[in-house]
Structures are given as C-alpha cells and as structure tokens.
Amino acid sequence: MDATAANLLLEHHRRHARDLPWRMTPRDPYRTWLSEVMLQQTTVATVTPRFLRFVERWPTVEALAAAPDEDILGEWAGLGYYARARNLIACARAVAERGAFPTTEVELRKLPGLGAYTAAAVAAIAFGEDAAAIDTNVERVAARVFAIADRKAAGEAAKGWFPAGHHGEFAEALMDLGSNICRPKAPNCQVCPIAAHCRARALGCPEAFPAAKVKKDRPHRYGIAWWVRPGNEVWLVRRPVKGLLGGMAALPGPVWSEQRPAVNPLAIHRHGFTHFTLDLMVVPCAEPPAGEGWWQSVSDLGSAGLPTLYRRAIEAALHAEREPRLAA
DNA sequence: GAGACGTGGTT
DNA sequence: TAACCAAGTCT
C-alpha cells in the first residue's frame, strides 16, 4: 500500500485525535498497559470512567501489585471477561518483582494477559518500537482499503502499511478511524481522509468487507441462586477461580444446567452471555449452604464487587420483595 | 483452531 | 426484540 494514504491518515489523526485519559505525554507504560487490557473487547465509553477510578486508586504498577486480589477484582466488577482481571493481578506482580515493564514486544508478550495485539500496542505506544498492533479495527480498515474479504489476511496486509518510526501513533489513528468513521455498519466515507485510496469504496460496497462472521446459535441454560437474607443481610460466596465469572463475588447456588429446575423463585433474571443465555432463578432459602461465604449488608451491596449478572439478579429479588404481585 | 469467556450500546 | 459487535487472550 502506498505511503500516501498512511500519511493522510496520520495527518488526519494529528488534527482530530480524541483526548482520552490514557493518552498522556509522555506515555506511561503502566497506564498504556492498563488501558489496553481494559479496552480488550470493551468500548471506550465503558472503559473511561473505570480507568480513571483504577489509576486514582492505584497510581503505579507497584501499588496495584501490592493490593489484595479481592480489591482489584471488585474494582473490575461489571467490566466482564474476568480472566483479564486475574491476569492483570499476575502481570502487575510479575512487573513489580522484576522492577519495571519489559520494553520490547517479545518480552511483553511473555506477561500474563498480553497477547499478540496488546504486546505490540504497549511496545509501540509506550516504548516507540516498530511493532504493528493488529486489532479488529485495523483488520476492518485494511479489509476495506485493500478489498480483502478475509479478516486475518487483511490484518497481515496491514502490517506493511505501518510507517517506520510511527507504529504507535498509526495504530491509534487506525483505531480512531475504525471506531468513528470506518465503522462496522454505515461507514461514514464522506469524511474519511483515505476514501480516495479505498478499494472497497471504489467497488461501491465498503460494508461488504470484511466478510461476515459465521453466527453460532446460543443455547439456553437455567440456574438457581439461593436467596439467604435474614434481617438486612444477604449471604454471598466467591466463585471458583477458573471458569465463568472466576473469582468473583456471587449468590450461592448449584452448577447451571440445560433443564429448568422445579423451584418456586422469588425472581427470575434473564442474562445474556457470549455463548449462552441464562435464566437465573432467585430462590429463598433459610440457611446458608455449606462452604465459605460472608454476610453482605443489603444497604452496602455496591462494595461487594458483584459482576453484573448477580447485581441485576439481586436487584430483581429486592424489587420482588417490595412488590410481591409483580414477581415472575 | 475453535470455543470459552461479559457486558452494554446500536440497529 | 434479537442480532451484531467491541482496542483479545487462553486453552
């Protein structure tokens, strides 16, 4: 691809770059890393306030490394993909142990939670290395500019497009273009700085690139959450570290199944996950089940660090207690 | 390499 | 409403 389009894109970015809280000068490796991990599969709008809270509470990687697991997981609650938070903890401690972040893509890649994209992004943005960070935005923009249907092939083609000495800036330019202009649906080609260089645009069908992903159907599951709340408290447990919502606070209950259980729930909360949907039945229960747990004040549920599934299920149950006739 | 892994916004 | 999708990583 010609350097003209790359330069046009960089110039456009220098004029229109968004002022995001992790885009500081000079770039701090800690904030770059933290923001990149938070932004994995998560929107800028969602991340921004959560990022600000994180860096206010833990201004350095050493401070983060020294924090208890529960505090960090609680601060992450609601952001989803909780393996990221578990890897974040492990990564912070590894970095604190060795004294500083490694400064190359190859070494960054060895840290927990840093895959091909994030290692390249941190190396390029925080350390100025010529590492090409290929994310879904880059794949989509390249797929359209080069009229390549295959996402991965488009990403590979994009690597040769990054200008030497400006890989970090170019990655951010592509990401801003991808989220603001070269959107998945209804791309705004009218204001695109490289529309004249876009093959898919010339073909008249930018939205046809890249090819649509094959969709899989989502199965449905059922779960029971025991509602143990004498007085003004509710019994909570911590989920097993591995698997769905691993390590997060939760209502107690058995493993979820495909069969609808024969229970009389106080409330039913329907929740959509990436690969299945869940009906969580909140069922009153007199005593806590066997095992570890704690009493959480109903007036202080916000500090429990509940993932959204359980936060919503608890809201539904509390509402049902107040309005019994509306119970599901 | 395909599936597991959350959530919220947009269409 | 349901589908689609997002600055991916790990197994």
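A, B, ... follow the sequence lines: proteins, then strands. Residue 1 opens every chain.
When the C1' atom of B:dC5 is taken as reference, atom OH of A:Tyr81 falls 5 Å away, rounded to whole Å. A:Gln41 has its CD atom 11 Å from the C1' atom of B:dT7, to the nearest Å. B:dT7 atom P lies 11 Å from atom CG of A:Leu278, rounded to whole Å. Atom C1' of nucleotide B:dG6 and atom OH of A:Tyr82 are separated by 6 Å, given to the nearest angstrom.
Residue A:Thr42 is in base contact, counting any heavy-atom pair closer than 4.0 Å across all strands shown. Residue A:Trp76 is classed as having no contact, given no heavy-atom separation below 4.0 Å to the nucleic acid. Nucleic acid contact for A:Arg23: base, since at least one base atom lies under 4.0 Å from a heavy atom of the residue. Heavy atoms of A:Leu309 sit under 4.0 angstrom from primed sugar atoms or phosphate atoms, though from no base atom. Contact annotation for A:Leu20: base contact, defined as any heavy-atom pair under 4.0 Å involving a base atom. The residue A:Arg86 sits apart from the nucleic acid: no heavy atom pair falls under 4.0 Å.
Along DNA chain C, the stretch of nucleotides lying under 4.0 Å from any heavy atom of chain A spans, 5' to 3', C:dC4 to C:dC10.
Of the N and O atoms on the side chains of A:Gln40 and A:Tyr117, not one donor lies less than 3.5 Å from an acceptor on the other residue. Between A:Arg140 and A:Asn137, the side chains place a donor N or O and an acceptor N or O closer than 3.5 Å (distance only, hydrogens not considered).
With P as the reference atom, C:dC4 and B:dG3 are 16 Å apart, rounded to whole Å. B:dA4 and C:dA7 have their P atoms separated by 23 Å, given to the nearest Å.
Here CG of A:Leu88 is found 11.0 Å from CG of A:Leu111. Values are rounded to the nearest 0.5 Å. The distance from the NE2 atom of A:His12 to the SG atom of A:Cys192 is 7.5 Å, given to the nearest 0.5 Å. Here the straight-line distance linking atom NE2 of A:His220 with atom OG1 of A:Thr277 works out to 4.5 Å at 0.5 Å rounding.
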Show each protein N/O and nucleotides 8-11 of chain B N/O combination with a separation under 3.5 Å, one pair to a line.
unit_1: B:dG8; atom_1: OP2; unit_2: A:Arg312; atom_2: NH1; d: 3.3
unit_1: B:dG8; atom_1: OP2; unit_2: A:Arg312; atom_2: NH2; d: 3.4

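Partners of A:Thr25 by side chain to side chain donor-acceptor pair (under 3.5 Å), not counting sequence neighbours: none found.
Residue pairs meeting the salt bridge (charged side-chain N to carboxylate O under 4.0 Å, His left out) criterion with at least one partner in residues 271-282 of chain A, sequence neighbours excluded, are A:Arg270-A:Asp279. Note on residues 174-197 of chain A: pairs passing salt bridge (charged side-chain N to carboxylate O under 4.0 Å, His left out), not counting sequence neighbours, are A:Arg18-A:Asp176, A:Arg23-A:Asp176. For residues 281-305 of chain A, the set of pairs meeting the ring-ring contact (aromatic ring centres under 6.0 Å, His included) definition, not counting sequence neighbours, comprises A:Trp235-A:Trp295. Applying the salt bridge (charged side-chain N to carboxylate O under 4.0 Å, His left out) definition to pairs two or more places apart or across chains, those involving residues 47-64 of chain A are A:Arg53-A:Glu75, A:Arg57-A:Asp71, A:Arg57-A:Glu75.
A:Glu172 has a carboxylate O that lies under 4.0 Å from a charged side-chain N of A:Arg27, or vice versa, which qualifies the two as a salt bridge.
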Under 3.5 Å, which donor-acceptor pairs do the side chains of residues 94-107 of chain A form with other protein atoms, sequence neighbours left out?
unit_1: A:Arg98; atom_1: NH1; unit_2: A:Ala100; atom_2: O; d: 2.6
unit_1: A:Thr104; atom_1: OG1; unit_2: A:Glu107; atom_2: N; d: 3.2
unit_1: A:Glu107; atom_1: OE2; unit_2: A:Lys110; atom_2: NZ; d: 2.9

Please set out all donor-acceptor pairs under 3.5 angstrom arising from side-chain atoms of residues 240-259 of chain A, sequence neighbours excluded.
unit_1: A:Ser257; atom_1: OG; unit_2: A:Gln259; atom_2: N; d: 3.1
unit_1: A:Ser257; atom_1: OG; unit_2: A:Gln259; atom_2: O; d: 3.1

Counting only pairs under 3.5 Å, give me each side-chain donor-acceptor contact of residues 304-311 of chain A, with atom names and distances, residues two or more places apart or in other chains.
unit_1: A:Tyr310; atom_1: OH; unit_2: A:Arg239; atom_2: NH1; d: 3.1
unit_1: A:Arg311; atom_1: NH1; unit_2: A:Glu315; atom_2: OE2; d: 3.1

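Two residues, A:Asn137 and A:Pro112, neighbour DNA chain C, and the one matched to the more 5' nucleotide by heavy-atom proximity is A:Asn137. Along DNA chain C, the nucleotide closest to A:Asn87 and the one closest to A:Arg151 are compared, and the more 5′ of them pairs with A:Arg151.
At a non-hydrogen distance threshold of 4.0 Å, A:Lys213, A:Lys215 from residues 210-225 of chain A come into contact with DNA chain C. Contact check of residues 115-135 of chain A against DNA chain C (heavy atom, cut-off under 4.0 Å) returns A:Gly115, A:Ala116, A:Tyr117, A:Thr118, A:Asp135.
One finds a side-chain N or O of A:His275 lying less than 4.0 angstrom from the OP1 or OP2 phosphate oxygen of B:dC5.
Counting heavy atoms of neighbouring residues, nucleotides and ligands inside a 6.0 Å radius, atom CG of A:Asn232 does not exceed 12 of them.
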